[in-house]
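Quick notes on the structure that follows.
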Protein chains: 2
Amino acid sequence: MGYTPLWAAIAHLLRQDIAEGRYAPGDKLPTEAQMSDRHGVNRHTVRHALAALVQEGLVRTRRGAGAFVAARPADYPLGKRVRFTENLRRAGRNPGREVLGMEARAATAEEAALLDVAQGAQILASHGRSFADGQPMSVSESIFPLERLPGLDAALAEGLGVTHALKAVGISDYTRASTRVSAVLATATQAVVLQVREGDPLLKTTSLNVDPEGVPVEFGRSWFAGDRITLTLED
Amino acid sequence: MGYTPLWAAIAHLLRQDIAEGRYAPGDKLPTEAQMSDRHGVNRHTVRHALAALVQEGLVRTRRGAGAFVAARPADYPLGKRVRFTENLRRAGRNPGREVLGMEARAATAEEAALLDVAQGAQILASHGRSFADGQPMSVSESIFPLERLPGLDAALAEGLGVTHALKAVGISDYTRASTRVSAVLATATQAVVLQVREGDPLLKTTSLNVDPEGVPVEFGRSWFAGDRITLTLED
DNA sequence: CGGTATTTGTTCGTATGTATT
DNA sequence: AAATACATACGAACAAATACC
């Protein structure tokens with residue numbers, strides 16, 4: 001009854017080697033050929049084991065280069081006040097942010113409802129990417145009610161983060177009203193931007209930020225690389 | 001430059017078929033042999049495509065039976081006060097809970113630190129499983145400081161939920177002090193208990209519950225089936 | 001810088017095991 | 001009990017990306 005596939009056994013060995021530090025984060029694992037020789041199995045069997053570890057986020061592979069032990073996840077506090085750069089700086093990591101694109105358009109029905117604006121009202125959709133120590137941490141889409149925040153497009157175009165851009169248009173403080181979290185798998189596009197593999201697990205958060213009066217100022221969706229991030233919720 | 005592996009193209013076709021309702025949740029997909037015939041590719045290529053969809057949670061396979069379109073995800077609200085059964089009942093679903101096992105033992109260093117007890121103090125570890133409409137939603141491990149909560153083991157053994165069991169030993173209210181969320185992949189054991197596949201994406205939450213005075217009463221880890229659950233945080 | 005060797009990725013073929021129908 | 005269908009495992013070849021000299 002008990003029965004362990006060869007690939008699972010090899011995956012288990014590698015998992016232990018990593019857990020016990022014989023391979024540290026960043027280290028290169030033996031090549032597939034070496035491992036199949038050592039264990040006396042076909043290369044495909046080794047590949048199956050590696051694929052499992054890659055899926056667990058324990059290992060990353062690069063065609064032509066090799067298989068490497070993945071870096072440890074970063075911690076990312078998520079509370080009422082969400083300040084990406086401040087949070088990361090406090091954690092001793094070097095944060096960065098990049099605006100991937102921006103567009104003004106009419107709100108969809110869903111966006112209008114969430115932001116409490118009229119259907120068809122102008123909104124600003126901003127796509128961004130956040131880094132820690134040069135490594136992509138998240139891609140995000142922010143939807144702003146433009147009529148409520150004139151000049152925001154210019155502020156964001158200057159490369160300001162959301163916090164500073166909002167401040168520039170008079171919103172000195174805002175609060176997260178609700179956040180929804182789920183686990184999804186990276187699409188091809190997301191995989192490229194986040195520098196993960198298509199099918200990697202991502203944490204998807206959908207959040208609504210409101211000003212001190214409770215008026216919505218931003219509706220955002222973020223996708224975090226699941227193996228680099230741990231969201232922390234503090235009450 | 002653009003280059004799409006055959007398996008990715010086939011996965012894309014299947015994804016569309018599912019998205020556009022040509023295969024509804026629960027439907028059986030064509031067999032691997034049929035698909036490899038139709039597309040004129042090797043069976044392994046079809047298997048690679050199916051593996052990708054299985055990883056996305058869109059498809060489930062059963063050895064000997066076939067590949068089936070997965071059921072749709074559920075929603076699960078998570079606020080300051082987290083009450084699994086109440087939350088689900090409000091969502092119009094029929095919740096259930098099952099105690100998988102329980103053990104009293106000495107606290108590990110990590111557990112002792114989090115629960116603020118002496119190293120080696122007795123703790124109670126309880127393993128449980130939660131359902132909605134008969135479908136497993138989460139497996140969880142709860143660590144309780146036994147010396148602080150005498151009689152809790154008996155209360156839990158009676159099948160009471162955490163809330164009622166704590167009430168029975170004098171904790172009438174408790175609050176989630178912090179929650180950490182990450183995306184992980186199901187281990188073999190978890191896969192069996194959650195009725196998902198090994199390697200499926202799971203939402204892992206690590207939380208600390210404290211009484212009104214701020215004294216820790218429970219340290220819990222939960223693993224949610226990522227494709228059946230969305231955590232909702234409302235402030 | 002360029003060419004070559006190395007290494008992972010894709011695809012085919014074939015055989016056998018194991019669970020379900 | 002037999003047929004069906006997914007799972008595992010072997011072998012071979014070539015493609016694509018990277019590393020190295």
Side-chain angles (χ1 to χ4, degrees), chain A residues 1-14 23 26-70 186 188 191-192 195-200, chain B residues 1-14 23 26-70 186 188 191-192 195-200:
Chain A
M1 64 170 342
Y3 155 71
T4 310
L6 284 178
W7 68 261
I10 293 170
H12 183 66
L13 285 177
L14 283 170
Y23 297 118
D27 282 2
K28 185 175 182 304
L29 296 178
T31 68
E32 295 173 353
Q34 287 171 335
M35 286 199 264
S36 42
D37 272 1
R38 280 186 207 169
H39 296 104
V41 300
N42 190 271
R43 192 181 141 220
H44 281 313
T45 307
V46 170
R47 281 179 64 73
H48 198 154
L50 282 173
L53 298 182
V54 162
Q55 221 193 96
E56 289 172 34
L58 219 58
V59 167
R60 282 174 56 95
T61 59
R62 273 165 41 221
R63 172 189 289 200
F68 303 83
V69 178
V192 170
Q195 289 175 26
V196 297
R197 309 182 68 75
E198 187 176 354
D200 272 5
Chain B
M1 69 166 336
Y3 155 71
T4 311
L6 285 177
W7 67 262
I10 293 170
H12 183 66
L13 284 177
L14 283 170
Y23 296 119
D27 281 3
K28 184 175 184 302
L29 296 179
T31 68
E32 295 174 354
Q34 286 172 335
M35 288 199 263
S36 43
D37 272 2
R38 281 184 206 170
H39 296 104
V41 301
N42 191 271
R43 196 184 134 220
H44 283 313
T45 308
V46 170
R47 279 182 64 74
H48 199 153
L50 282 173
L53 298 182
V54 161
Q55 211 196 99
E56 289 173 35
L58 219 57
V59 167
R60 281 175 57 98
T61 59
R62 273 165 43 220
R63 172 186 295 202
F68 302 83
V69 178
V192 170
Q195 289 175 24
V196 298
R197 307 184 64 75
E198 185 176 355
D200 270 5

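First the proteins, then the strands, lettered A, B, ... as listed; each starts at 1.
- Between Thr61(B) and the phosphate of dA7(D), there is a side-chain N or O to OP1/OP2 separation shorter than 4.0 Å.
- Computed from coordinates, the Asn42(A) CG to dG11(D) C1' distance equals 6 Å when rounded to whole Å.
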> Given the rule in the side-chain contact (heavy atoms from CB on, under 4.5 Å) test, do Leu50(A) and Met35(A) qualify, once you have shown the distances and angles that lead to the verdict?
Replying inline: CA-CA 10 Å; Leu50(A) 282 173; Met35(A) 286 199 264; 4.0 Å; yes

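- Residue Gln34(A) contributes atom CD, which lies 19 Å from atom P of dA5(C) at whole-angstrom precision.
- Considering only side-chain atoms of Thr45(A), the nucleotide from dT18(D), dT11(C), dC10(D) that sits closest is dC10(D).
- In this structure, Arg63(B) atom CZ and dC6(D) atom C1' are separated by 7 Å, rounded to whole Å.
- Between the CE atom of Met35(A) and the P atom of dA9(D) there is a distance of 15 Å, given to the nearest Å.
- Base pairing of dA1(D): no nucleotide in any strand meets the Watson-Crick or G-U wobble criterion (both distances under 3.5 Å).
- Atoms NE2 (His39(A)) and C1' (dC10(D)) sit 17 Å apart, rounded to a whole Å.
- dT6(C) atom C1' lies 11 Å from atom CZ of Arg43(A), rounded to whole Å.
- Of the candidates dT7(C), dA7(D), dG9(C), dT7(C) carries the atom nearest the Thr31(A) side chain, counting heavy atoms from C-beta on.
- For Glu32(B), counting side-chain heavy atoms from C-beta on, the closest listed nucleotide (dC10(D), dA7(D), dT20(C)) is dA7(D).
- When the C1' atom of dG9(C) is taken as reference, atom NE2 of His48(A) falls 16 Å away, rounded to whole Å.
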> Taking it one step at a time, do Thr45(A) and His39(A) satisfy side-chain contact (heavy atoms from CB on, under 4.5 Å)?
Replying inline: CA-CA 10 Å; Thr45(A) 307; His39(A) 296 104; over 6 Å; no

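- Scanning both residues, Ala11(B) and Ala49(B), for their nearest heavy atoms gives N-CB, 3.7 Å.
- At a cut-off of 3.5 angstrom, the base of dG9(C) holds no donor-acceptor pair with the side chain of Arg62(A).
- Summarising the geometry, the separation between CZ on Arg47(A) and P on dT8(D) is reported as 16 Å, rounded to the nearest angstrom.
- When side chains are defined from C-beta on, Leu14(B) does not count as touching Val59(B), because their heavy atoms never get closer than 4.5 Å.
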> What do the steps show when you test His44(A) against Val41(A) for side-chain contact (heavy atoms from CB on, under 4.5 Å), and what is the final call?
Replying inline: CA-CA 8 Å; His44(A) 281 313; Val41(A) 300; over 6 Å; no

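- Between the base of dA9(D) and the side chain of His44(B) there is a donor-acceptor pair shorter than 3.5 Å.
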